[in-house]
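Remarks on the structure that follows.
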Amino acid sequence: MKRLFAVILTGALAGGCTSAMESGPRLSADGPPLRGIGYATISIQPGSTAQQKQLMAIRASRLAAMRELAERIHGLQVESNTSIGEGRVYSDNLRASVAGIVRNARVVSITPVRNALYETILEVDVAEVNALRSSSRPLWQ
Amino acid sequence: MRLRIPSLLVAIGGALCVVSASPASAGMRLVQGEGYAAIAGNDVAGARKAALAEALYNAAGRVKSKVRGAGHLSTYGVMTEETSVLVEGTLRDHRIVSEHRERGRYVVVIEALADADGESCGTKKVDLDVRPITVRVAPGLSGAIVKAANESINRGVSGLAAGSNFRATDNRDMPLPGGPDDAARNYAHILNAAAPNPSGYMISGSLIVERRRGGNAVMENTEIVGTLTLKLRDNATGSVIETLVNTHSLPERNRVWGTDIDFGGSSGSPDFAPLWQSAVADLDAKLGCRPLRAKVLDVNAGLVTLSAGAEHGIRAGDYFLLDVQGRRSGNWQVIKIEQTSPTMAWGRTLKTTPAVPVNAMVTLLQ
């Protein structure tokens with residue numbers, strides 16, 4: 001009887017992934033600051049008034065921006081797992097995670113976009129990025 | 001229904017903000033934070049509290065935030081994403097810079113003093129006063145070793161200037177500028193030089209050179225061991241904050257007993273340079289992360305003169321914190337540097353009170 005069998009391919013892909021020993025390369029001291037941009041929809045936020053929803057959207061977009069900043073400083077760990085059998089894909093999973101410390105992030109702007117969502121831009125100076133990369137590893141290491 | 005978010009923010013902010021009346025200590029920095037809160041049901045006081053808590057939260061977040069996030073994409077395009085930010089900054093004190101109502105919400109901007117613990121160490125240089133370093137050589141060692149030990153002190157002290165985190169001054173011998181005839185000038189100089197700079201540090205110690213015998217029944221094995229012990233003192237308190245001990249050994253003899261056949265002994269004149277390289281590295285490590293302090297030399301019409309300048313790495317735009325023992329909450333003062341000379345800096349206070357007293361010690365904010 002012909003049986004199906006699975007061939008498992010497991011790979012760690014490295015989108016912005018870094019080595020196990022360092023957070024990332026040193027950036028040029030006179031380079032522009034690193035920026036992180038985050039968005040959040042107003043209508044799905046908790047709150048009984050429009051003002052409260054707006055404030056929560058600002059907060060959510062700030063967190064999203066902080067995450068993007070952490071990704072740019074410490075890198076992203078990407079894991080994928082694909083299973084195929086007889087040339088057919090059975091499952092395909094991809095997981096990306098980030099964990100790291102961010103210091104001295106300053107708010108560049110908090111902007112409403114068409115009264116539907118909020119955009120927050122945070123930035124960190126290059127010197128701070130280099131210091132963070134040299135003094136702390138990503139938390140997953 | 002009144003939203004619970006403001007009270008939640010107050011709780012978070014209260015937990016994160018450790019307002020302390022203790023004096024500002026090592027590694028402080030000044031951070032700003034802004035907070036917004038919706039004014040629900042004309043409750044302006046509640047909105048103000050919530051905005052203040054949010055501002056404290058944001059200020060603490062600027063000091064240190066741990067970010068974790070994960071995204072998962074499965075076979076059929078179903079995606080989940082989570083992000084969490086854990087704020088870990090500690091605020092010691094704060095003051096409200098501005099507050100106002102704005103289109104149905106309340107806005108508070110604060111300035112806070114935060115612990116800079118664990119942050120990257122700066123590029124500033126602290127004063128290091130080099131005081132006598134005695135040389136003690138064990139009896140029986142050759143004159144060449146005695147000479148090398150003495151010379152290594154001079155070279156080593158010169159090499160201290162290469163340290164990237166301190167500005168060394170050689171005060172080992174206290175040379176008399178007035179010569180043998182000007183006793184008054186010499187006396188004044190000794191008084192001045194003997195008083196250490198209170199904002200800096202001092203090292204003194206000894207270099208002990210001795211012979212260590214090893215070997216076995218067949219081989220005679222001796223080596224010259226140099227031990228450099230340096231005591232690092234904090235001039236502000238006079239206490240020894242660290243005793244640095246470095247040892248370096250040089251092979252002297254390695255031969256069969258009773259013969260002159262040498263199997264790789266001393267290759268020339270002894271060199272104690274590695275001792276000093278280790279000592280400089282230790283001092284760099286110890287002093288590198290200590291906040292730079294300065295003494296207030298003069299206060300004139302709001303202009304404050306400090307005892308640290310460009311040679312210490314101070315630049316216009318740096319901030320110093322007035323370190324007052326037993327200060328009340330909110331009773332701290334920050335000096336913003338406007339101009340520097342090689343050894344002095346001039347700045348103005350950010351607030352009208354409290355006044356900055358002459359001879360007070362201020363600490364550089366990171």
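In what follows, chains carry the letters A, B, and so on, assigned in the order in which the sequence lines appear, proteins first and then strands, with residues in each chain numbered from 1. The shown structure was predicted, so the numbers you read here are calculated from the model rather than taken from an experiment.
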Worksheet item: Between Asn93(A) and His72(B), is any pair of side-chain heavy atoms under 4.5 Å apart?
Response: yes
Worksheet item: To the nearest 0.5 Å, what is the distance between CD1 (Ile58(A)) and CD (Glu54(B))?
Response: 8.5 Å
Worksheet item: How far does CZ of Arg62(A) sit from CG of Asn58(B), to the nearest 0.5 angstrom?
Response: 4.0 Å
Discussion item. Does any backbone or side-chain atom of Val89(A) lie under 4.5 Å from a heavy atom of chain B? Answer side chain, backbone, both or neither.
Written reply: neither
Worksheet item: Does CZ in Arg101(B) sit with more than 12 non-hydrogen atoms of other residues, nucleotides or ligands closer than 6.0 Å?
Response: no
Fill in: Residues Glu82(B), Arg67(A): salt bridge by 4.0 Å N-O rule
no
Worksheet item: So Gln51(A) and Ile39(B), side-chain contact (heavy atoms from CB on, under 4.5 Å) or not? Walk me through it.
Response: CA-CA 8 Å; Gln51(A) 280 288 341; Ile39(B) 302 172; over 6 Å; no
Fill in: Atom NZ of Lys336(B): over 12 foreign heavy atoms under 6.0 Å
no
Worksheet item: Taking C-beta and beyond as the side chain, do Glu34(B) and Val107(A) meet within less than 4.5 Å on heavy atoms?
Response: yes
Item to complete: Counting only heavy atoms closer than 4.5 Å, note whether Leu69(A) contacts chain B via side chain, backbone, both or neither.
Response: neither
Fill in: Contacting region of Leu55(A) [heavy-atom separation from chain B under 4.5 Å]
side chain
Item to complete: Apply side-chain contact (heavy atoms from CB on, under 4.5 Å) to the pair Arg103(A) and Ser65(B), showing each step before the final yes or no.
Response: CA-CA 6 Å; Arg103(A) 286 196 178 104; Ser65(B) 293; over 6 Å; no
Practice prompt. Show the numbers, then the answer: is there a side-chain contact (heavy atoms from CB on, under 4.5 Å) between Glu71(A) and Val67(B)?
Written response: CA-CA 9 Å; Glu71(A) 287 176 5; Val67(B) 182; over 6 Å; no
Worksheet item: Salt bridge or not for Glu128(A) and Arg62(B), using N-O below 4.0 Å?
Response: no
Fill in: Stepwise side-chain contact (heavy atoms from CB on, under 4.5 Å) check, Arg59(A) with Tyr57(B)
CA-CA 11 Å; Arg59(A) 200 171 178 79; Tyr57(B) 175 81; 3.4 Å; yes
Response to the item:
Applying a strict 4.5 Å limit to non-hydrogen atoms, the region of Ala105(A) in contact with chain B is backbone
